[in-house]
2 protein chains.
Amino acid sequence: MTHKNALDTLQAYGIHPSVQRIAIMDYLLKHRTHPTVDEVYVALSKAIPTLSKTTVYNTLRIFSEHGAALMLTIDEKKVCFDGVVTPHAHFMCKRCGQLADVQLPGCFRECQPLGVDFSVEETHLYYKGICKSCATKAGV
Amino acid sequence: MTHKNALDTLQAYGIHPSVQRIAIMDYLLKHRTHPTVDEVYVALSKAIPTLSKTTVYNTLRIFSEHGAALMLTIDEKKVCFDGVVTPHAHFMCKRCGQLADVQLPGCFRECQPLGVDFSVEETHLYYKGICKSCATKAGV
DNA sequence: TTATAAATTTGTATTGTTTACAATGCAAAT
DNA sequence: ATTTGCATTGTAAACAATACAAATTTATAA
């Protein structure tokens, strides 16, 4: 199947479901656009008019704490969230700001940090540069 | 030599020097603690009482735009800066928040992003987890 | 079912970081 | 001496994110 079920996903990560949590997880699973808190809030406010932005903040934090979503801090201006938690990298265009998924280099699995005295719970890899679209526009 | 010269570094990256810029670069080169804007501002205010925090913001942004410093957005609460621009990874302890340098895995050099249609200008790799000190304290 | 407790949500107030912008300062060039 | 252009300063404003307490919902027990 293309999309995992929101309710099942919550339960798989030990997160107690609620209308709001299901709606937010559903949005994450169906919109792989790395949305911000505000984007999720605006999008869901139509269906859930009483939704509070605080709830979106709290819920997305809970998701990331339980490993059900990724918190991306690539853009220094805003935190983004990713419902895809399988290992992958990201790319951000410095010009247009778009955030895209990138397949991990094949050898990356064997790349473990060297001589470290800490336990690794998350690994983040991302690239910044100029996307093709922006390069074409500006390049001339 | 241990520390590069601040003035030389600015000129090497095509950044017009000034008292403030030299002082900020000098601080970065001598304090490899991944300081925040505020930390730089507070530290330099003693020597330069008229220093404006806006200048620190502007200057550090200019540094990172010219490749003379790295802007680290690992901690979602605050942006940090790194005067060490040679390739290396980072580790952040989720409990105490410390940010440490980590040697890149040897194989990492060969790890290039796959099938991408963008030019890579920056590569960021970091780990999150629990440092030994925190693990020892809490672990028991 | 009703009562009680626990968890979740809501909305406002607040905090704190970052940016915008206009005024000022400064130094090199004319 | 004047102009030009960039850098700096400081205030105001924007904005993201959090704290907190009240309200609501859900779960549990009687």
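Not measured: the values here are computed from a predicted model. Every chain is numbered from 1, with letters handed out A, B, ... down the list of sequences.
Rounding to whole angstrom units, CG of residue B:Leu44 and P of D:dT8 are separated by 13 Å. Nucleotide D:dA17 holds its C1' atom 15 Å from the OH atom of A:Tyr41, rounded to whole Å. Taking atom CG on B:Asp75 and atom C1' on C:dT18, their separation rounds to 16 Å, with Å as the unit. Following rounding to the nearest Å, B:Met71 (CE) and C:dT17 (P) show an atom-to-atom distance of 16 Å. One can place NZ of A:Lys78 at 13 Å from C1' of D:dC15, the figure rounded to the nearest angstrom. When the C1' atom of D:dA17 is taken as reference, atom CD of A:Glu76 falls 16 Å away, rounded to whole Å. Atom CD1 in A:Ile48 sits about 15 Å away from atom C1' in D:dT24, given to the nearest Å. To the nearest angstrom, P of C:dT17 lies 6 Å from NZ of B:Lys53.
If you find the closest nucleotide of DNA chain D to A:Asp38 and to B:Ser52, the one lying nearer the 5' end belongs to B:Ser52. Both A:Arg61 and B:Asn58 sit near DNA chain D, but only B:Asn58 has its closest nucleotide nearer the 5' end.
Counting non-hydrogen atoms under 4.0 angstrom, B:Gln20 reaches the backbone sugars and phosphates but no base. In this structure, B:Thr55 reaches the bases: a heavy-atom distance under 4.0 Å links it to at least one base atom across the strands shown. Nucleic acid contact for A:Thr36: none, since no nucleic acid atom lies under 4.0 Å from a heavy atom of the residue. Among the protein residues, B:Lys77 comes within range of the sugar-phosphate backbone only, with heavy atoms under 4.0 Å from sugar or phosphate atoms but none that close to a base.
Formation of a donor-acceptor pair under 3.5 Å by the A:Ser119 side chain with backbone atoms of B:Gly129 is not found in this model.
Here the side chain of B:Val79 is nearest to one of C:dT18, D:dT18, C:dT10, namely C:dT18. You'll find that the side chain of A:Ser18 is closest to C:dT8, out of C:dT10, D:dA16, C:dT8. Side-chain proximity of A:Tyr57 to the nucleotides D:dT8, D:dA17, D:dT9 is greatest for D:dA17. With distances taken from any side-chain atom of A:Thr54 to the nucleotides D:dC20, D:dA7, D:dA16, the minimum falls on D:dC20. Candidate nucleotides D:dT8, C:dT17, C:dT8 were compared by shortest atom distance to the side chain of B:Arg21, and D:dT8 ranks first.
Between A:His34 and A:His90, the gap from one ring centroid to the other is short of 6.0 Å.
Under 4.0 Å is where a charged nitrogen must lie from a carboxylate oxygen, and between A:Asp8 and A:Lys4 no such pair does. Of the charged side-chain nitrogens involved, at least one lies within less than 4.0 Å of a carboxylate oxygen, so that A:Asp38 and A:Lys53 count as a salt-bridged pair.
Using a 4.5 Å heavy-atom cutoff, the side chains of B:Ile74 and B:Lys128 are in contact.
OP1 or OP2 of C:dA6 has not a single side-chain nitrogen or oxygen of A:His16 nearer than 4.0 Å.
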